[in-house]
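Counting from 1, the numbers follow the sequence of the chain as shown. Side chains are part of it too, since the values below use all heavy atoms of this structure and drop only hydrogens, waters and symmetry mates.
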Amino acid sequence: MTHELQQPWWQHAVGYQLYPRSFRDADGDGIGDIAGIMEKLPYLKELGVDFIWLNPIYLSPNVDNGYDISDFQKIQPEYGTMAEFKALLDKCHEMGLKLILDLVINHTSDQHPWFLEAKKGKDNPYRDYYHWQPATSEKQPPNDWQSFFGGSTWTYDENSGESYFHVFAPQQPDLNWRNGQLRQAIYQMIEWWLALGIDGFRLDAISHLQKEPWDFRITDNPWAPFMNVSGIEAYMTDLQGLFRKYHVMTVGEASGVSSRQAVSWTDDDGYLDMIFELEHNVREGEPGSERINVLGFKKVLARWQKHLENAGWNALYVENHDNPRINSVLGNETVKSAQAIAVAYMLLKGTPFIYQGQELGMTNYPFATIAEVDAKDSHNHYRLLLESGVSPEEALRLTTHWTRDHARTPMQWNDSPNSGFTSGTPWLAVNPNYPQLNVEAEMADEGSVLRFYQKLIGFRKAEGTFVTGGFDLVAAGDPDIFAYLRQGQEKAFLVVANLSAKKRILTIPKRYLTQETAATYVFGNLASDATARLLTKKLTLAPYDAAVYELAIK
């Protein structure tokens with residue numbers, strides 16, 4: 001039986017990614033918390049989303065903002081208590097919202113009890129929970145593999161004369177999944193959370209669980225030794241069994257899994273329900289001024305659409321906690337560009353995710369000093385640039401243009417101090433455009449980005465074609481326009497978005513304009529007098545026009 005016939009709940013759903021540290025601070029310490037999330041659940045319900053994905057809220061030293069976990073089964077005190085989390089879970093379910101958590105099982109914090117024990121010596125029973133290898137007398141690592149955060153994947157331990165392995169920061173040692181006791185401990189922890197009643201997981205860095213032999217020869221991709229390496233299948237099969245036992249939704253961050261491989265990863269017999277691909281943020285331009293290349297962006301998304309058209313499932317997103325604001329790097333920071341981007345991706349086949357603030361059209365922060373930046377990888381990049389002779393001003397520009405902190409500035413609720421995020425001093429500065437760009441103002445404006453997202457969510461949910469219909473890319477070579485057909489058994493929709501700041505003309509394929517086909521404009525952001533309301537052979541699109549036409553095929 002196919003996904004199209006089953007249509008599980010998450011295929012009809014729209015998700016909302018919530019970054020707890022920056023969402024809403026209820027106690028005034030400057031850091032978002034569980035109580036703040038609870039306070040804003042009515043807003044999320046009114047927006048129209050069906051489930052919430054929480055970034056990590058576990059106990060952590062916060063070297064990587066919660067992705068370095070020191071206890072998988074405790075709540076970080078700055079966020080609240082386990083009792084508060086359970087109350088949040090109950091409230092979500094009472095309101096008809098589902099709640100999924102981040103599952104970080106590629107690595108732990110170096111402050112996790114397992115690693116503290118492992119460091120005590122080579123004979124410690126927890127030593128093999130991590131990857132250790134002898135280092136030379138000059139403290140040289142076993143190989144020259146490079147981490148995602150820059151620098152070696154190995155950190156030397158003076159106590160034992162060995163180095164431990166980490167694909168992220170040195171404070172995030174990788175777990176050794178070849179160890180059966182480690183796997184059982186992880187599975188028990190997962191089942192503990194599932195028994196609590198959560199509705200699923202987003203699996204962080206899941207495709208890195210398996211590593212190549214340490215003498216693996218790197219050719220082109222520096223991260224190939226730990227991206228979807230053969231042998232990971234056994235671990236994923238174990239995880240699949242756990243998830244199916246509890247009938248929960250799963251979405252994996254799975255770099256290295258191609259669009260063709262994603263079919264077997266996410267079909268009816270797959271490990272997961274969907275995965276986040278990391279390919280579509282195709283950049284163009286010089287360092288420090290890069291933007292998303294529209295042609296590359298749409299071609300990647302179209303390839304994933306076609307490869308997963310009849311089996312498997314897509315997770316759709318344009319923003320998350322690791323990327324700049326899409327309205328700055330693909331749009332031109334206007335209401336209209338934010339709306340056009342929303343139409344372009346939310347009507348594709350898959351489950352759409354909205355990242356907090358995206359529905360407001362939030363924009364990148366104008367960082368003026370490196371002190372305003374929190375992200376550790378950005379500070380490391382800035383330091384390396386200075387060491388290479390780049391001026392502080394240029395190093396700042398090169399570092400901050402694409403820093404993940406653009407997505408982590410506090411949510412903008414109203415025009416009060418700190419935009420209503422906190423009564424204290426926010427952990428990261430609020431974007432100075434908050435007096436104009438905030439939830440309260442946009443709720444009161446029917447032409448706002450927020451109101452547009454509400455209508456778009458409702459439009460998508462009302463039309464089953466967007467769940468089960470096929471996909472065909474239109475004008476594949478156009479460098480500015482993303483257009484595609486979504487066709488089901490009874491209805492067909494042509495989706496057109498001009499993702500540029502200039503007027504464009506799109507030639508509509510003849511098959512959409514025959515006498516047997518009538519076209520009706522049913523959704524978009526067009527002006528009331530826009531010529532694009534009428535589907536003609538030469539469709540004139542103003543900057544960031546977006547339109548959906550129903551093709552009533554007789």
Side-chain angles (χ1 to χ4, degrees), residues 1-15 17 50-51 53 98-106 177 183 186-187 189-191 193-194 198-211 224 226-280 300-317 320 345 348-353 464 466-471:
M1 186 176 288
T2 67
H3 276 319
E4 289 187 353
L5 293 176
Q6 287 178 320
Q7 294 184 13
W9 70 265
W10 39 265
Q11 290 192 352
H12 296 268
V14 174
Q17 182 190 352
D50 304 283
F51 68 94
W53 154 30
K98 296 183 185 294
L99 185 65
I100 71 172
L101 298 182
D102 241 305
L103 182 63
V104 187
I105 51 178
N106 174 72
W177 273 73
R183 293 198 304 273
I186 291 290
Y187 300 156
M189 176 272 294
I190 291 173
E191 191 149 18
W193 280 105
L194 293 175
I198 66 168
D199 301 292
F201 287 114
R202 177 264 189 182
L203 290 81
D204 178 71
I206 197 63
S207 57
H208 305 318
L209 298 186
Q210 183 77 324
K211 279 69 174 173
F226 39 85
M227 288 179 65
N228 193 24
V229 172
S230 178
I232 195 174
E233 299 84 5
Y235 314 145
M236 296 306 301
T237 299
D238 284 352
L239 292 169
Q240 175 194 43
L242 270 177
F243 302 145
R244 290 197 170 191
K245 177 180 176 181
Y246 286 86
H247 306 288
V248 293
M249 188 203 87
T250 53
V251 51
E253 180 191 36
S255 57
V257 177
S258 70
S259 51
R260 291 194 183 277
Q261 292 170 325
V263 176
S264 61
W265 272 62
T266 65
D267 67 7
D268 290 332
D269 297 320
Y271 310 128
L272 305 170
D273 294 321
M274 64 193 92
I275 62 176
F276 288 125
E277 49 80 19
L278 304 181
E279 296 182 59
H280 70 260
V300 169
L301 289 176
R303 171 163 48 82
W304 279 76
Q305 288 287 296
K306 292 307 291 183
H307 287 171
L308 277 71
E309 185 173 25
N310 299 313
W313 195 252
N314 284 288
L316 310 171
Y317 74 100
N320 62 25
Y345 95 97
L348 294 168
K349 187 171 187 176
T351 299
F353 287 72
F466 295 120
V467 177
T468 61
F471 169 92

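- Not a single donor-acceptor pair under 3.5 Å links the side chain of Gln305 to the backbone N or O of Asn314.
- Of all non-hydrogen atoms in Thr250 and Leu272, the two that sit nearest each other are OG1-CA, 3.4 Å.
- Taking NE2 of His307 as the start and OG of Ser258 as the end, the distance is 8.0 Å to the nearest 0.5 Å.
- Scanning both residues, Asp50 and His12, for their nearest heavy atoms gives OD2-O, 4.2 Å.
- Put simply, CH2 on Trp53 and CD1 on Ile100 are 7.5 Å apart, with the number rounded to the nearest 0.5 Å.
- Residues Ser259 and Arg303 share a closest heavy-atom pair of OG-NH1, 3.0 Å.
- Here the side chains of Phe471 and Leu301 are not in contact, with every heavy-atom distance at 4.5 Å or above.
- Of the residues listed (Asp267, Asp273, Thr351), the one engaging Trp313 in a side-chain hydrogen bond (donor to acceptor under 3.5 Å, both in side chains) is Thr351, and it is the only one.
- Summarising the geometry, atom CH2 belonging to Trp10 is positioned 13.0 Å from atom NZ belonging to Lys98; distances are rounded to the nearest 0.5 Å.
- The main-chain N or O of Leu99 is found under 3.5 Å from a side-chain atom of Asp199 such that the two form a donor-acceptor pair.
- Distance alone, capped at 3.5 Å, places no donor-acceptor pair between the Trp9 side chain and the Met249 backbone.
- Proximity of Lys211 to Trp177: side-chain heavy atoms (C-beta onward) are nowhere separated by under 4.5 Å.
- Side-chain polar atoms of Tyr246 and Glu191 form a donor-acceptor pair below 3.5 angstrom.
- Ser255 OG to Phe276 CZ: the interatomic distance, rounded to the nearest 0.5 Å, is 13.0 Å.
- Judged by distance alone, the side chain of His208 and the main-chain N or O of Phe226 form a donor-acceptor pair under 3.5 Å.
- With Glu253 contributing its side chain and Arg202 its backbone, the two residues share no donor-acceptor pair below 3.5 Å.
- When every heavy atom of Ile206 is checked against every heavy atom of Ala254, the shortest pair comes out as CG2-CB, 4.3 Å.
- Residues Phe243 and Tyr271 approach most closely at CD1-O, 4.2 Å, considering heavy atoms.
- A pairwise comparison of heavy atoms in Ala311 and Val263 identifies CB-CG1, 3.8 Å as the closest pair.
- In this structure, Val248 and Trp193 have side chains that are not in contact, with every pair of non-hydrogen atoms separated by 4.5 Å or more.
- With rounding to the nearest 0.5 angstrom, the CH2 atom of Trp304 is 6.0 Å from the CD atom of Glu279.
- Counting heavy atoms from C-beta outward, Asn228 and Trp265 have side chains that approach closer than 4.5 Å.
- Side-chain contact between Leu308 and Met274 is absent, with no heavy-atom pair separated by less than 4.5 Å.
- Residue Arg183 holds its CZ atom at 12.0 Å from CD1 of Ile105, rounded to the nearest 0.5 Å.
- Leu103 places a side-chain heavy atom less than 4.5 Å from the side chain of Ile190.
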